[in-house]
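All remarks here apply to the structure that follows.
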Amino acid sequence: MSSLKEICSGLPLDPLLPNRGRDPNVPHAPIRTPNLTAEEERLALRNALRYFPPCHHATLAPEFAQELRQYGHIYMYRFCPTLRMRAYPIDQYPCRTRQAASIMLMIMNNLDPAVAQFPQELVTYGGNGQVFSNWAQFCLVMHYLSEMTEEQTLVMYSGHPMGLFPSLPSSPRAIITNGMVIPNYSSRNQYEKMFALGVSMYGQMTAGSYCYIGPQGIVHGTMLTVLNAGRRYLGSDDMSGRVFVTSGLGGMSGAQAKAAVIAGCIGVIAEVDEAPLRKRHEQGWLMEVTSSMDHCIKRIREAKSSKTPLSMGFHGNIVDLWERLLLEYERTGELLVDLGSDQTSLHNPYNGGYYPVQLSFRQANQLMMTDPKRFITMVQESLRRHVKAINNLSEAGMFFWDYGNAFLLEAQRAGAEVEKVGGGATEFRYPSYVQHIMGDIFSLGFGPFRWVCTSGDPQDLSVTDNIAATVLEEISANVTDRIKQQYNDNIRWIREAGKHNMVVGSQARILYSDQKGRVCIALAINQAIADGRVSAPVVISRDHHDVSGTDSPFRETSNVYDGSAFCADMAVQNFVGDAFRGATWVSLHNGGGVGWGEVMNGGFGLLLDGSEEAAKRARLMLNWDVSNGVARRCWSGNTNAYDTIQATMQENEQLRVTMPFPVQDEQVLDRALQG
């Protein structure tokens, strides 16, 4: 499969492709340990072979069995295309409808080696965020999309294409669900078995919904988090000379280095795996890399003294770095770190998401395969050391927050000292970044809105950047002081975005916008396509980590305190509502960010092609996509959300939201309960 036409021709069976195995020149996912019984291995093999006619079973069965036993999953490497995976211009895809072509473009961007964390295992980010479960599914999906008409919808069950089903032109062209497991069976161990059997899949957030845009997708959110952390914890907009220490440079976490520099501070990011360090350095996202702890400390002191923005990757374990920073403080009284967080993939702590400090990277990968129980014990020991160092530095004056990666949740499970005395079910010793920083931003309706220029032309991206900035400047002239800062942060971001060299993969951009901003930007871009100022259609989307898209009690909804933080109505309603209001495709996932069984989240893609129909869809769907979450947050008691939804109802007479009446006299409750 060396061309788009061949990729879209279905499974190459006559003749079978040669089995080239794994490419040693790209990073590979850690070996999985599903601990299947003999009967379960047999079932996994049977399930894999059902994609192929019986005449090929004798050839494929032995190699699939070897993959299962050697790697813990059947990826079907034989069917991995030789064509370079990337977002080709939309007009190059052989298909009947541009809506289908836009989905194909986004899928191939998610699997671009410059974008994907483990491209041959179809993992986009997060260590286990799959686009598909195997390469047969990829081939079938591309074939279905190439033949789809505007009266068909592709139905996706956890990576598996169930097929094309008749639908309306107004219907989504694809409906995606990932990991929809009966709640009582949604455990981590059961997931490993289900994935090995090929019957379920962890799509993370934008991996399984085909909407990932590389680490840029979270750069802006991370920059806003760091800026607002400085305002909240350090009392200043000026981040120069301030040091932010964290970990992880693989997928989404790769954004941290770039975000730190844009915010104007010194970012030091530890990473145990040399491959992502090298990748981020080559892409220009990391300014410096060192494996020397002494050099790392020396450069922190130099940059802190000169107040020079710096992004430095430390090739080593984050626990070693925290303990050395503590030692420096104990020796000299000098606190070298102001802000701290963590972005190791602790949603997946025992299968490559977190590497214990006691072992080298190679030793850890070996032990998680040969002795999983001992590996779990070592991860938990490492987490206790990790937290102890952070606790001591925090007592000295550092400010730490959880970045929604299940760090505090897994540390608590490991027995680390992260309890908050008198705290609720979603509260720990340290806040999540949603509780202290991003939650209020979500409640104002601001969240990560993004778009992809399907021409692949950087000039189109530049034009859309200017359109977005102009729209935001016009709106910001008439907003309240409470949200003006959010507009100003985003105008500054989008005006400077082009110079920061953030494009990895597709020609994409992200910014944080509220409901009015998203609608106006989408309509303005759609008009620019109609006028020819933008040369090809544009896909609009968002991160699932947004106002309405995700129910996650330890992240997105961790600042919901009415007892509904563990309820998932919002995310499910959002998925359904987007589907019948005009989305080109929609997705709903179990897991993402904090981990399997901990989250429900959904997303969408919508193709703007310059038509009146596209404008109608964008207006209707984007208004719902934000108002849904603001209304829920209002009902939970959030005053920002209350004011935001009130203002939205005044602008749209068809919107009517049930508003809460807060209890004004706590003694009413006291008397009632005492009686």
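Under a cutoff of 6.0 Å and an axis angle of 45°, Arg22 and Tyr71 form a cation-pi pair. Remark: Arg50 is not positioned above the aromatic ring of Phe52, lacking an NZ or CZ atom under 6.0 angstrom from the ring centre and at most 45 degrees off the axis.
Residue Arg450 comes nearest to Cys211 through the heavy atom pair NH1-O, 2.8 Å, listed as atom of the first residue, atom of the second, then distance. For the residue pair Ala536 and Ile90, the shortest heavy atom distance occurs at CB-CG2, 4.4 Å. When every heavy atom of Leu105 is checked against every heavy atom of Thr454, the shortest pair comes out as CD1-O, 3.6 Å. In terms of heavy-atom proximity, Pro349 sits nearest to Phe375 at O-CE2, 4.0 Å. Gly159 and Phe132 make their closest contact through O-CD2, 3.6 Å (heavy atoms, listed as atom of the first residue, atom of the second, distance). Closest heavy-atom contact between Asp460 and Ser455: OD2-OG, 2.6 Å.
The pair Asp91-Arg98 counts as a salt bridge, with a side-chain nitrogen and a carboxylate oxygen less than 4.0 angstrom apart. The residues Glu150 and Arg173 are annotated as not salt-bridged, no charged nitrogen and carboxylate oxygen being separated by less than 4.0 angstrom. Ion pairing of Arg188 with Glu192 is absent here, as no side-chain N (NZ or NE/NH1/NH2) approaches a carboxylate O to less than 4.0 Å.
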Audit row: Glu271, His315, side chain to side chain donor-acceptor pair (under 3.5 Å) steps and yes/no: CA-CA 5 Å; Glu271 171 61 63; His315 184 205; over 6 Å; no

Side chain to side chain contact (heavy atoms under 4.5 Å, CB included) between Arg509 and Ile213, intermediate numbers included: CA-CA 8 Å; Arg509 187 68 74 223; Ile213 59 169; over 6 Å; no

Working note: Arg20 + Thr82, criterion side chain to side chain contact (heavy atoms under 4.5 Å, CB included); need CA distance, chi angles, decisive distance, verdict. CA-CA 10 Å; Arg20 294 174 291 111; Thr82 55; 3.4 Å; yes

Between Tyr355 and Phe361, does the ring pair (Phe, Tyr, Trp, His ring centres under 6.0 Å) criterion hold? Intermediate values first, please. CA-CA 7 Å; Tyr355 284 81; Phe361 182 64; 4.8 Å; yes

Begin from the C-alpha positions of Asn590 and Val599 and carry the test side chain to side chain contact (heavy atoms under 4.5 Å, CB included) through to its verdict. CA-CA 6 Å; Asn590 170 13; Val599 188; 5.9 Å; no

Go through the steps to decide whether Glu147 and Arg96 satisfy the test salt bridge (Lys or Arg N to Asp or Glu O under 4.0 Å), and finish with yes or no. CA-CA 6 Å; Glu147 299 204 328; Arg96 299 179 180 182; 5.5 Å; no

Evaluation steps, side chain to side chain contact (heavy atoms under 4.5 Å, CB included), between Thr124 and Phe118: CA-CA 6 Å; Thr124 300; Phe118 305 123; over 6 Å; no

Listing, residues 591-598 side-chain donor-acceptor contacts under 3.5 Å, not counting sequence neighbours, or none:
{"from": "Trp596", "atom 1": "NE1", "to": "Ser186", "atom 2": "OG", "distance (Å)": "3.3"}
{"from": "Trp596", "atom 1": "NE1", "to": "Ser187", "atom 2": "O", "distance (Å)": "3.3"}
{"from": "Glu598", "atom 1": "OE2", "to": "Arg413", "atom 2": "NH1", "distance (Å)": "3.4"}
{"from": "Glu598", "atom 1": "OE2", "to": "Arg413", "atom 2": "NH2", "distance (Å)": "2.8"}

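Using modelled atom types, one finds a donor on one side chain and an acceptor on the other under 3.5 Å when comparing Asn405 with Asp342. Side chains of Asn574 and Asp625: a donor on one and an acceptor on the other come within 3.5 Å. In this structure, a donor-acceptor pair under 3.5 Å is present between the side chains of His545 and Glu556. In this model, a donor atom of one side chain and an acceptor atom of the other lie less than 3.5 Å apart for Tyr51 and His160. Neither side chain, Trp451 nor Ser541, offers a donor N or O lying under 3.5 Å from an acceptor on the other. With 3.5 Å as the limit, one finds no donor-acceptor pair spanning the side chains of Thr222 and Gln256.
Remark: Arg42 CZ is loosely packed, at most 12 non-hydrogen atoms of other residues, nucleotides or ligands lying under 6.0 Å away. Atom CD of Glu151 sits in a sparse spot, with 12 or fewer heavy atoms from other residues, nucleotides or ligands closer than 6.0 Å.
Using the six-membered ring where Trp is involved, Phe138 and Trp135 have ring planes that are perpendicular, over 60° apart on the 30 and 60° scheme.
Here Asp457 pairs with nothing under the salt bridge (charged side-chain N to carboxylate O under 4.0 Å, His left out) rule; sequence neighbours left out. Shown here are the side chain to side chain donor-acceptor pair (under 3.5 Å) partners of Arg362, two or more places apart in sequence or in another chain: there are none.
We find the CE-OH distance between Met108 and Tyr93 to be 5.0 Å, quoted to the nearest 0.5 Å. Atoms CG and CG, from Asn178 and Leu588 in turn, are 9.0 Å apart once rounded to the nearest 0.5 Å. Note that CD of Gln66 is 8.5 Å distant from CD of Glu63, once rounded to the nearest 0.5 Å. We find the NE2-OH distance between His28 and Tyr75 to be 10.5 Å, quoted to the nearest 0.5 Å. Rounding to the nearest 0.5 Å places CG of Asn134 at 8.5 Å from CD1 of Ile74.
At distances below 3.5 Å, at least one donor-acceptor pair connects side-chain atoms of Asp112 with backbone N or O atoms of Ala114. Judged by distance alone, with hydrogens and angles left aside, the side-chain atoms of Asn109 form a donor-acceptor pair with the main-chain N or O of Ser506 at under 3.5 Å. The backbone N or O of Pro94 lies less than 3.5 Å from no partner atom in the side chain of Lys5, so there is not a single donor-acceptor pair.
Tyr202 pairs in a ring-ring contact (aromatic ring centres under 6.0 Å, His included) with only one of the listed residues (His73, His347, His589), which is His347. A side chain to side chain contact (heavy atoms under 4.5 Å, CB included) with Leu249 is found for exactly one of Leu286, Val272, Asp273, namely Leu286.
The distance between the ring centers of Phe604 and His544 does not fall below 6.0 angstrom.
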